[in-house]
Number of protein chains: 2
Amino acid sequence: MTEDVFKALADPTRRRILDELVERDGQTLFEICARLITNHGLGLSRQAISQHLAVLEAADLVHSRREGRYKFHDLNTEPLECIVTRWLRPDARESNP
Amino acid sequence: MTEDVFKALADPTRRRILDELVERDGQTLFEICARLITNHGLGLSRQAISQHLAVLEAADLVHSRREGRYKFHDLNTEPLECIVTRWLRPDARESNP
DNA sequence: TTGATAGGCAAGTGAGGACTTGCCTATCGT
DNA sequence: ACGATAGGCAAGTCCTCACTTGCCTATCAA
């Protein structure tokens, strides 16, 4: 489960997708493709982005809702929190009361 | 630079190494090999662990200091912080005053 | 109903990365 | 000096994964 989060974040393109979703939730596949090409110069096929979104969904970093022929994608940052807490030292560091 | 952090965290074995270092700093290569096999059943070659440590060092997640014929490895959790903050929404969430 | 739009499924290709194996260097104890 | 210990370098294998290509399904507008 949390293993998938690390794999999902390993790819640069997937991180760019999260960058786009953090600016605006509810984007469709085509919108993400367009924004990746205009904002980052990433000229990838639609199918490539679709597969990336599937990986992000499997990692629970992206939630999707289908409406008609559109499928909207929302960012979910919750799985990111356990990444840092995993390697926090038990001994008091800077921000421990 | 921060790109290397994601790549470093992508591998399960490297995450186990960080798990061992968070329990005790200053372990040598052989100590890490031994602990991986006893605590996690990971029977990898010494060279494999050495290469993993090199990746972790390149990502600045591990600092190393050489003393005589020993090389001690210390954990550095600092690069982990920017991972989560990258996708934090500007709009106030739960922990925003 | 027809055409256009939004998305999905499946197989194939190519490159990067994890791991091994073999050999070499450096430091310590006796 | 010698053997033992701790670690490094380099080439080779194998497999995962990112990406493409081709074709198929579903919804909307005219």
Side-chain angles (χ1 to χ4, degrees), chain A residues 2-21 24-38 40-59 61-74, chain B residues 1-21 24-38 40-74:
Chain A
T2 145
E3 301 282 306
D4 300 325
V5 180
F6 293 103
K7 275 193 178 181
L9 293 177
D11 188 81
T13 304
R14 284 196 285 269
R15 295 196 293 270
R16 301 278 174 247
I17 293 178
L18 297 182
D19 290 340
E20 296 302 321
L21 286 179
R24 181 161 56 90
D25 255 341
Q27 297 192 50
T28 80
L29 173 59
F30 276 60
E31 281 179 295
I32 296 175
C33 286
R35 290 180 60 131
L36 282 180
I37 218 177
T38 60
H40 301 282
L42 284 185
L44 292 179
S45 75
R46 171 188 57 88
Q47 191 59 20
I49 309 298
S50 177
Q51 290 168 356
H52 281 310
L53 284 172
V55 176
L56 290 171
E57 277 195 73
L61 285 166
V62 163
H63 291 168
S64 67
R65 46 194 162 93
R66 183 129 203 183
E67 293 181 14
R69 61 175 160 175
Y70 298 105
K71 189 181 180 187
F72 302 107
H73 301 270
D74 301 324
Chain B
M1 19 182 67
T2 146
E3 302 282 305
D4 300 326
V5 180
F6 292 103
K7 277 194 177 179
L9 293 177
D11 188 81
T13 304
R14 283 195 287 267
R15 296 196 292 271
R16 300 278 174 247
I17 293 178
L18 297 182
D19 289 340
E20 296 303 322
L21 285 180
R24 181 159 57 90
D25 255 341
Q27 297 191 51
T28 80
L29 172 60
F30 277 58
E31 281 180 295
I32 295 175
C33 286
R35 290 180 62 131
L36 283 180
I37 217 177
T38 59
H40 302 281
L42 284 185
L44 292 179
S45 74
R46 171 187 57 89
Q47 192 59 22
I49 309 299
S50 176
Q51 289 167 358
H52 281 309
L53 284 172
V55 175
L56 290 171
E57 278 195 73
D60 202 41
L61 284 166
V62 164
H63 291 169
S64 68
R65 48 196 160 91
R66 184 127 203 186
E67 293 182 14
R69 58 174 161 175
Y70 298 105
K71 188 182 180 185
F72 302 108
H73 302 270
D74 301 323

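Protein chains get the first letters and strands the later ones, always in sequence-line order, with residue 1 at the start of each.
- Between the CZ atom of Arg65(A) and the P atom of dA6(C) there is a distance of 16 Å, rounded to whole Å.
- At the phosphate of dC19(C), neither OP1 nor OP2 sits under 4.0 Å from any side-chain N or O atom of Ser50(B).
- Salt bridge status for Lys7(A) with Asp4(A): absent, with no side-chain N to carboxylate O gap under 4.0 Å.
- With distances taken from any side-chain atom of Lys7(A) to the nucleotides dG7(D), dC17(D), dT20(D), the minimum falls on dC17(D).
- Comparing Gly68(A) and Glu31(B) along DNA chain D, the residue whose closest nucleotide (by nearest heavy atom) sits nearer the 5' end is Glu31(B).
- Shortest non-hydrogen contact noted between Arg14(B) and Ala8(B) is NE-O, 2.8 Å.
- Of the listed nucleotides (dT20(D), dA18(D), dA18(C)), dT20(D) has the atom at the smallest distance from the side chain of Ser45(A).
- The distance from atom CD of Gln27(A) to atom C1' of dG7(C) is 16 Å, rounded to the nearest whole Å.
- Atom CZ of Arg46(A) and atom P of dC23(D) are 14 Å apart (whole Å).
- Proximity of a side-chain donor or acceptor of Arg46(A) to a complementary backbone N or O of Phe30(A) within less than 3.5 Å is not detected.
- The side chain of Thr28(B) has dG7(D) as its nearest neighbour among dC19(C), dG17(C), dG7(D).
- No hydrogens or angles were tested; on distance alone, nothing pairs the side chain of Arg66(A) with the base of dG7(C) as donor and acceptor under 3.5 Å.
- Between the CD atom of Gln47(B) and the P atom of dG7(D) there is a distance of 12 Å, given to the nearest Å.
- One atom, CG of Leu53(A), and another, C1' of dC19(D), lie 15 Å apart when rounded to the nearest Å.
- In the set dG7(D), dT20(C), dA18(D), dA18(D) carries the atom at the smallest distance from any side-chain atom of Asp11(A).
- The phosphate of dG17(C) has neither OP1 nor OP2 within less than 4.0 Å of any side-chain N or O from His52(B).
- The interatomic distance linking Leu42(B) (CG) with dA18(C) (C1') rounds to 13 Å, in whole Å.
- In this structure, Lys71(A) reaches the dG8(C) phosphate: one of its side-chain N or O atoms is under 4.0 Å from OP1 or OP2.
- The closest donor-acceptor contact from the side chain of Glu31(B) to the backbone of Thr28(B) lies under 3.5 Å.
- Here the side chain of Leu44(A) is nearest to one of dC19(D), dG8(D), dG8(C), namely dC19(D).
- Residue side chain Glu67(A) does not reach the base of dT27(D) through any donor-acceptor N/O pair under 3.5 Å, judged by distance alone.
- When the C1' atom of dT5(C) is taken as reference, atom CZ of Phe72(A) falls 13 Å away, rounded to whole Å.
- Remark: the backbone N or O of Leu9(B) is paired with a side-chain donor or acceptor of Arg15(B) at under 3.5 angstrom.
- Minimum atom distance to the side chain of Arg14(A) is reached by dA18(D), of the listed dG7(C), dC19(C), dA18(D).
- Using a distance-only test at 3.5 Å, with no hydrogens or angles considered, no donor-acceptor pair links the side chain of Glu20(B) to the main chain of Leu36(B).
- Taking every side-chain heavy atom of Arg69(A) into account, dA4(C) is the closest of dA4(C), dG8(D), dG7(C).
- As a whole-Å value, the separation of Ile32(A) CD1 from dG7(C) C1' is 12 Å.
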